[in-house]
2 protein chains.
Amino acid sequence: MATRIALVDDDQNILTSVSLTLEAEGFEIDCYHDGETALRGLAQRPVELAVLDIKMPRMDGMELLQKIRAGSSLPVIFLTSKDDELDEALGLGMGADDYITKPFSQRLLLARIRAVLRRASHGDMDPEGPNIVRQGELLMDPDRHLCSWKGNEVKLTVTEFLILQALAARPGMVKNRDQLMDAAYGESIFLDDRTIDSHIKRLRRKIRALDKEFDNIETLYGIGYKYRAS
Amino acid sequence: MATRIALVDDDQNILTSVSLTLEAEGFEIDCYHDGETALRGLAQRPVELAVLDIKMPRMDGMELLQKIRAGSSLPVIFLTSKDDELDEALGLGMGADDYITKPFSQRLLLARIRAVLRRASHGDMDPEGPNIVRQGELLMDPDRHLCSWKGNEVKLTVTEFLILQALAARPGMVKNRDQLMDAAYGESIFLDDRTIDSHIKRLRRKIRALDKEFDNIETLYGIGYKYRAS
DNA sequence: ATGCGTCGCCGCAATCCCGCCGCAAAGCCC
DNA sequence: GGGCTTTGCGGCGGGATTGCGGCGACGCAT
């Protein structure tokens with residue numbers, strides 16, 4: 001039996017082109033032009049995955065996601081416009097399984113859909129899935145090298161990103177400088193311990209530039225650092 | 001015969017993904033959405049381990065744990081959202097065997113489950129398990145460098161932590177100053193015995209700042225110290 | 001070559017920790 | 001009780017650790 005997918009977008013072009021592609025791949029597609037009709041339709045014809053545009057008339061994707069998630073664990077992929085990374089951040093924070101920025105290729109969407117479906121059925125053990133870190137107000141998406149604090153993007157360098165990721169992925173866990181070094185570079189590299197301190201300094205400075213109160217990177221004297229969930 | 005595990009969470013996402021993973025590993029999973037139904041279900045279908053979310057509608061994990069522990073010694077692992085919340089400290093103080101902060105990887109949960117099961121069957125001699133010390137109102141978690149007394153965090157330095165850990169890990173056992181020195185530093189170090197006295201002094205002071213009545217670190221004249229279970 | 005961003009490291013100041021001292025109080029033995 | 005030992009505790013000075021500004025090197029694109 002074919003996998004049924006709901007597609008919700010107010011742009012008729014996208015609706016038709018995407019549905020054609022997906023149907024060619026053997027999926028069954030339910031198209032909706034706005035959130036309200038989608039919600040009603042979903043109640044009658046359940047699907048196994050939903051692709052939602054964020055910006056829509058009458059009921060936008062965010063609201064729709066909330067209502068969907070209120071009653072089920074339906075996997076959801078967001079479509080977002082290029083510029084508002086804030087929206088994507090919020091979407092992910094709200095629990096979307098993945099998201100794609102417009103314009104996107106059909107091939108990419110297809111790959112994401114398959115990945116999300118695979119994860120939904122096999123549990124989270126899929127190593128290819130988006131490895132999104134979400135800790136309170138902090139949001140990190142390694143695939144897109146995206147980091148945001150309270151919805152505002154924080155521009156991080158690669159090294160900073162890896163260190164923060166290592167800390168935030170396991171909040172509360174104490175990491176010594178060697179462990180953070182391993183996370184940022186591979187193992188077996190010879191660098192001064194204090195280099196980590198510099199990166200921590202820059203991390204704190206960058207996030208504090210957005211939020212004076214930020215203090216979730218905690219120092220443990222003589223041990224290392226840990227990320228404190230807010 | 002497969003090991004049966006109860007999984008209690010109000011988040012359907014977690015329920016499905018975790019249960020799928022665990023079933024793939026050969027466990028049998030009983031899912032519950034809230035504490036009340038879980039309690040009823042457990043009475044009818046006993047399990048060998050329970051994984052509980054702390055925050056749940058109708059009856060939260062804490063209350064559920066109490067009721068479970070009232071009648072059995074079922075191993076329990078907690079799921080928590082916030083790391084520093086003393087909720088977990090209380091949960092552990094109440095007798096949970098381990099806890100994991102969300103978000104967590106399936107791999108990690110699996111490892112914890114196996115560790116807890118192994119400890120439950122082989123006694124407490126498992127060296128890989130979480131090295132959590134729980135003695136009455138005192139709680140220590142070396143991985144997070146977390147120490148709490150009656151639910152309030154006590155900020156300890158590394159040396160203090162190690163000494164208190166050595167004492168509390170074997171309550172009632174007398175430790176002389178050399179033994180405590182070995183616990184804090186490696187063996188083969190040359191220091192004045194009285195240094196231990198200083199650390200004991202600071203430990204008592206820090207905990208007494210939270211609780212005037214604290215007197216579980218007992219002095220044995222001419223011998224050493226011991227931690228008295230309350 | 002020039003400009004730009006990143007990175008590793010340095011040096012200084014501030015903070016934290018710890019080992020020890022000295023004195024008073026308590027314990028032990030006679 | 002007398003005398004000795006042991007412990008509690010305030011405090012102190014030195015050493016270790018960390019925050020932070022900054023600098024020169026390097027890679028990279030123009």
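Each chain gets a letter, A, B and so on, in the order the sequences are listed, and its residues count up from 1. Not measured: the values here are computed from a predicted model.
Across the protein-nucleic acid pair, A/Ile189 atom CD1 and C/dC7 atom P stand 12 Å apart, rounded to whole Å. Atoms NZ (B/Lys201) and P (C/dC18) sit 12 Å apart, rounded to a whole Å. Between B/Ile217 atom CD1 and D/dG8 atom C1' there is a gap of 13 Å when expressed in whole angstrom units. Taking atom CG on B/Leu156 and atom P on C/dC18, their separation rounds to 10 Å, with Å as the unit. Straight-line distance from the CG atom of B/Asp215 to the P atom of D/dT7: 18 Å, rounded to whole Å. Taking atom CG on B/Leu162 and atom P on C/dC18, their separation rounds to 10 Å, with Å as the unit. Whole-Å rounding puts the A/His145 NE2 to C/dG5 C1' distance at 13 Å. The distance between atom CZ of B/Phe161 and atom C1' of C/dC17, rounded to the nearest whole Å, is 17 Å.
The shortest non-hydrogen separation linking B/His199 to B/Ile163 is CB-CD1, 3.6 Å.
Set against C/dC7, C/dG19, D/dG8, the side chain of A/Arg202 has C/dC7 as its closest nucleotide.
Between A/Arg205 and D/dG19 there is no side-chain polar atom (N or O) within less than 4.0 angstrom of OP1 or OP2. Phosphate proximity of D/dG8 to B/Tyr225: present, with a side-chain N or O under 4.0 Å from OP1 or OP2. Contact annotation: B/Arg194 does not reach the phosphate of D/dC9 (side-chain N/O to OP1 or OP2, under 4.0 Å). The phosphate of C/dC20 has OP1 or OP2 within less than 4.0 Å of a side-chain N or O from B/Thr195. For B/Ser198, no side-chain nitrogen or oxygen approaches OP1 or OP2 of C/dG19 to under 4.0 Å. In this model, the phosphate group of C/dA14 is not approached by any side-chain N or O of A/Tyr221 to a distance below 4.0 Å at OP1 or OP2. At the phosphate of D/dG19, OP1 or OP2 sits under 4.0 Å from a side-chain N or O atom of A/Arg204. Side-chain N/O atoms of B/Thr159 include none lying less than 4.0 angstrom from OP1 or OP2 on C/dC17. For the pair A/Thr219 and D/dT17, the criterion of a side-chain N or O lying under 4.0 Å from OP1 or OP2 is not met. Residue A/Arg177 places none of its side-chain N or O atoms closer than 4.0 Å to OP1 or OP2 of D/dT17. Listed pair B/Tyr185 / C/dC18 fails the phosphate criterion, with no side-chain N or O lying under 4.0 Å from OP1 or OP2. Proximity of A/Thr157 to the phosphate of C/dG5: no side-chain N or O atom is located under 4.0 Å from OP1 or OP2. Within the structure, a side-chain polar atom (N or O) of A/His199 is placed less than 4.0 Å from OP1 or OP2 of C/dG8.
The side-chain contact (heavy atoms from CB on, under 4.5 Å) with A/Tyr185 is formed by just one residue from the set A/Leu180, A/Leu162, A/Thr195; it is A/Thr195.
Residue-to-nucleotide proximity on DNA chain D shows that, of B/Ile223 and A/Leu220, the 5′-proximal contact is made by B/Ile223. Two residues, A/Lys206 and A/Asp193, neighbour DNA chain C, and the one matched to the more 5' nucleotide by heavy-atom proximity is A/Lys206.
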Take A/Glu137 and A/Lys150 through the test salt bridge (charged side-chain N to carboxylate O under 4.0 Å, His left out) and record every step on the way to the result. CA-CA 5 Å; A/Glu137 299 290 356; A/Lys150 292 190 176 174; 5.5 Å; no
Passes side-chain contact (heavy atoms from CB on, under 4.5 Å), B/Val76 versus B/Leu52? Steps please. CA-CA 7 Å; B/Val76 166; B/Leu52 313 180; 3.9 Å; yes
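Taken from CD in A/Glu160 to CD1 in A/Ile200, the straight-line distance is 10.0 Å, to the nearest 0.5 Å. One finds the CG atom of A/Leu203 at 11.5 Å from the NZ atom of A/Lys201 (value rounded to the nearest 0.5 Å).
A/Thr219 and A/Arg204 are linked by a side-chain donor-acceptor pair at a separation below 3.5 angstrom, with hydrogens and angles left out of the test.
Counting non-hydrogen atoms of neighbouring residues, nucleotides and ligands closer than 6.0 angstrom, the CD atom of A/Gln12 exceeds 12 such neighbours.
In the helix from C/dA1-D/dT30 to C/dC30-D/dG1, the end axes, each obtained as the rotation axis mapping the C1' atoms of four pairs onto the next four within a five-pair block, lie 30° apart to the nearest 10 degrees.
Aromatic ring pairs are classed by plane angle as parallel below 30°, tilted from 30° to 60° and perpendicular above 60°; the pair A/Phe214 and A/Tyr227 is tilted.
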